[in-house]
Trainee: 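One structure, pasted below without further comment.
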Amino acid sequence: RMELTNLMKDFGYMKQTDLALDVLHWMKKQKGRLKPNRHVYTSIIGVLGRAGMVSKAREIFDSEELKALESVNLYNAMMGVYVKSGFFKRAWKLYEELCERGLKADEVTFNTLFCGLAKTENPVQLAEKLFRKMKQTGVSAGSYTYNTLIMLFSKAGNYKAAETILEEMRSTDHLPDLCSFNTLINMYARSGKHEEAVRVFSTIKRAGLKPDIVTFTNLIQMFNQAHMLEKAVDSFADMQESGCKPDLMTYSLMVHVHGRAGKPKEAEQALRQMQQAGYRPNVVTWSSLIQVYGKQGMLAELNSCFAEMQKSGCKPDATLYNIMMNAYGQVSLPSQAACLFRQMQSQGIQPSEACYNTMIHAYAQGGKLEEAQAVSRQMVRAGFGPD
RNA sequence: CAAAUUUGAGCUUAU
């Protein structure tokens, strides 16, 4: 039965919910120990929730064989489904229902509610109230819950409340962990408080913990957004020195960072490093590099890069074509841009609104107003509003 | 652990 449960979950991760459901139905027809128990049901509800199949999950939750089961975990699972899909009210109703049935809400129940609250308008007051209630009913918070609360307060932009939770953690057996610190760093990063973010970063080491890829991508992203590009590069170096391996996203981000700094050589290096690390650049990575060449007017490099990308089996998309069209527009070669515009369509790639705008600009810049208007009409025909 | 928590990458427009 355990293996079948895992099989169901695997199907879920492979986005094969119908197969997962088949397993469940098969199990229902069996006798004895192969019959689904509450673990199986909580699993399948979780799987359906991840796939966004809320009503299917609810259908199972409401089914006859589960009616009689008095399981908080089933409630937790179903509440999790609602929370994931943004239906906090429904999750809350289930919470009330389980209380009425005399079941005892546990830490996961409260934690799930906090998660749901975090997505609502004014979570802070309610969260504090619920947190008090949780303690009153004798449920004590573990790191998981503390971290959820930090996340909630940080999403609400309430730095003080978030830091207060951190303080509370220090006074318990549940010392702040990497997740706590990462969440705080993200909070400060999002609001452009670099010094604060860096301060928390240094706290990590003092706590005897090792920053991980989440920590570093938070910092790199923050410096990138603040146009503090050298700092972003420094953080990337720190990351590698500390033995933390960048992944595809991190490398792609670095290509972009170097590009913004106007450094095509370094941008390419980032891509090469990525390949050496065993990652295959995807269309985003290539696009980032191609854009760098475009901005620098390095059209020869741009073209060879595009060729290399295609040779590697990576397919261009509308964004990439737009990047290249824009590159040609910038150097007053609208005819080249137009060539790419036709090429993308002949390959069955639908131009996005941005593509039309780029073409209009390319023509307008070269004084080719007739052509610009023609594109504008095409754009309207393609269903994009004029402006 | 059957359920719950943190970061993410590319395009147009004087951004």
Trainee: Would you indicate which nucleotide in B/U6, B/A3, B/A4 comes nearest to any side-chain atom of A/Asn111?
Mentor: B/A4
Trainee: Please tell me which of the listed nucleotides, B/A4, B/U6, B/G10, lies nearest to the side chain of A/Asn186?
Mentor: B/U6
Trainee: Is there a side-chain contact between A/Lys84 and the phosphate of B/A4, meaning an N or O under 4.0 Å from OP1 or OP2?
Mentor: yes
Trainee: On a whole-Å scale, what distance lies between the C1' atoms belonging to B/G10 and B/U6?
Mentor: 24 Å
Trainee: Under 3.5 Å, is there an N or O donor on one side and an acceptor on the other linking the side chain of A/Thr183 and the base of B/U6?
Mentor: no
Trainee: Write down the distance between CD1 (A/Ile290) and C1' (B/C11), rounded to a whole number of angstrom.
Mentor: 12 Å
Trainee: Classify A/Ser180 by what it touches in the nucleic acid, base, sugar-phosphate, or nothing, heavy-atom distance under 4.0 Å.
Mentor: nothing
Trainee: From NE2 of A/His174 over to C1' of B/U5, roughly how many Å is that when rounded to an integer?
Mentor: 14 Å
Trainee: One pair to check against side-chain hydrogen bond (donor to acceptor under 3.5 Å, both in side chains): A/Thr285 and A/Asn282. What are the steps and the verdict?
Mentor: CA-CA 5 Å; A/Thr285 324; A/Asn282 64 13; 2.8 Å; yes
Trainee: Under a 4.0 Å N-O cut-off, is there an ion pair linking A/Lys56 with A/Glu59?
Mentor: yes
Trainee: When you check the phosphate oxygens OP1 and OP2 of B/C11, does a side-chain N or O of A/Gln291 lie under 4.0 Å from one of them?
Mentor: yes
Trainee: Among B/G10, B/A4, B/G8, which is the nearest nucleotide to the side chain of A/Ser288?
Mentor: B/G10
Trainee: Could you check whether A/Phe341 and A/Tyr356 have their ring centres less than 6.0 Å apart?
Mentor: yes
Trainee: Please report the distance separating the C1' of B/U12 from the corresponding atom of B/G8, rounded so that it comes out in whole Å.
Mentor: 24 Å
Trainee: Whole Å only: how far is the CE atom of A/Met274 from the C1' atom of B/G8?
Mentor: 14 Å
Trainee: Between A/Gln330 and B/U13, is there a side-chain N or O to OP1/OP2 distance below 4.0 Å?
Mentor: yes
Trainee: Within this structure, what is the CE-to-P distance between A/Met254 and B/G10, rounded to whole angstrom?
Mentor: 13 Å
Trainee: Can you check the A/His361 NE2 to B/U12 C1' distance for me, whole Å?
Mentor: 7 Å
Trainee: Across the strands shown, which category fits A/Thr217 at heavy-atom distances under 4.0 angstrom: base, sugar-phosphate, nothing?
Mentor: base
Trainee: Is there a donor and acceptor pair closer than 3.5 Å between the side chain of A/Ser287 and the base of B/G10?
Mentor: yes
Trainee: Mind checking if A/Met151 touches a base, just sugar-phosphate, or nothing, with heavy atoms under 4.0 Å?
Mentor: sugar-phosphate
Trainee: Measure CE/A/Met309 against P/B/C11 and give the value in whole Å, please.
Mentor: 16 Å
Trainee: Rounded to whole angstrom, note down the C1' distance from B/U13 over to B/A9.
Mentor: 22 Å
Trainee: For the side chain of A/Cys115, counting heavy atoms from C-beta on, which of B/G8, B/G10, B/U5 is nearest?
Mentor: B/U5
Trainee: Is the distance between the ring centroids of A/Phe110 and A/Phe131 under 6.0 Å?
Mentor: no
Trainee: Answer yes or no for this row: A/Tyr251 ring on B/A9 base, centroids under 5.5 Å, planes under 30°.
Mentor: no
Trainee: Can you confirm whether A/Glu96 is buried at CD, in the sense that more than 12 heavy atoms of other residues, nucleotides or ligands lie under 6.0 Å from that atom?
Mentor: yes
Trainee: Using a heavy-atom cut-off of 4.0 Å across all strands, would you classify A/Leu320 as base, sugar-phosphate, or nothing?
Mentor: base
Trainee: Report yes or no: do A/Ser143 and A/Asp177 form a side-chain donor-acceptor pair below 3.5 Å?
Mentor: no
Trainee: Tell whether A/Ser252 reaches the base of B/G8 with its side chain through a donor-acceptor pair below 3.5 angstrom.
Mentor: no
Trainee: Please give the distance between the C1' atoms of B/U7 and B/C11 as a whole number of Å.
Mentor: 23 Å
Trainee: The side chain of A/Ala354 is closest to which nucleotide in this list: B/U7, B/U12, B/U5?
Mentor: B/U12
Trainee: Checking contacts here: which listed nucleotide (B/A4, B/G10, B/U12) is nearest the side-chain heavy atoms of A/Asn357?
Mentor: B/U12
Trainee: B/C11, B/U7, B/G8: which one has an atom nearest the side-chain heavy atoms of A/Asn322?
Mentor: B/C11
Trainee: Select base, sugar-phosphate, or nothing to describe what A/Asp247 touches, counting heavy atoms under 4.0 Å on all strands.
Mentor: base
Trainee: If you check every side-chain atom of A/Val284, which of B/U12, B/A9, B/A3 has the closest atom?
Mentor: B/A9
Trainee: Would you classify A/Ile185 as touching base, sugar-phosphate or nothing, given that sugar-phosphate means primed atoms plus P, OP1 and OP2, and contacts are heavy atoms under 4.0 Å?
Mentor: nothing
Trainee: Would one find more than 12 heavy atoms of other residues, nucleotides or ligands at under 6.0 Å from atom CZ of A/Arg33?
Mentor: no
Trainee: Using whole Å, report how far CD1 of A/Ile349 lies from C1' of B/C11.
Mentor: 13 Å
Trainee: I'd like to know if A/Asn282 reaches the base of B/A9 with its side chain, counting only an N/O donor and acceptor under 3.5 Å.
Mentor: yes
Trainee: A/Gln221 side chain: which of B/U5, B/G8, B/G10 is closest?
Mentor: B/G8
Trainee: Could you verify whether a donor N or O on one side chain and an acceptor N or O on the other, from A/Gln373 and A/Tyr363, lie under 3.5 Å apart?
Mentor: no
Trainee: With a 3.5 Å cut-off and heavy atoms only, can you find an N or O donor on one side and an acceptor on the other between the side chain of A/Asp317 and the base of B/G10?
Mentor: yes
Trainee: Of all the nucleotides listed (B/A9, B/C11, B/A3), which has the minimum atom distance to the side chain of A/Thr319?
Mentor: B/C11
Trainee: Can you measure A/Met79 atom CE to B/U5 atom P for me and round it to whole angstrom units?
Mentor: 13 Å
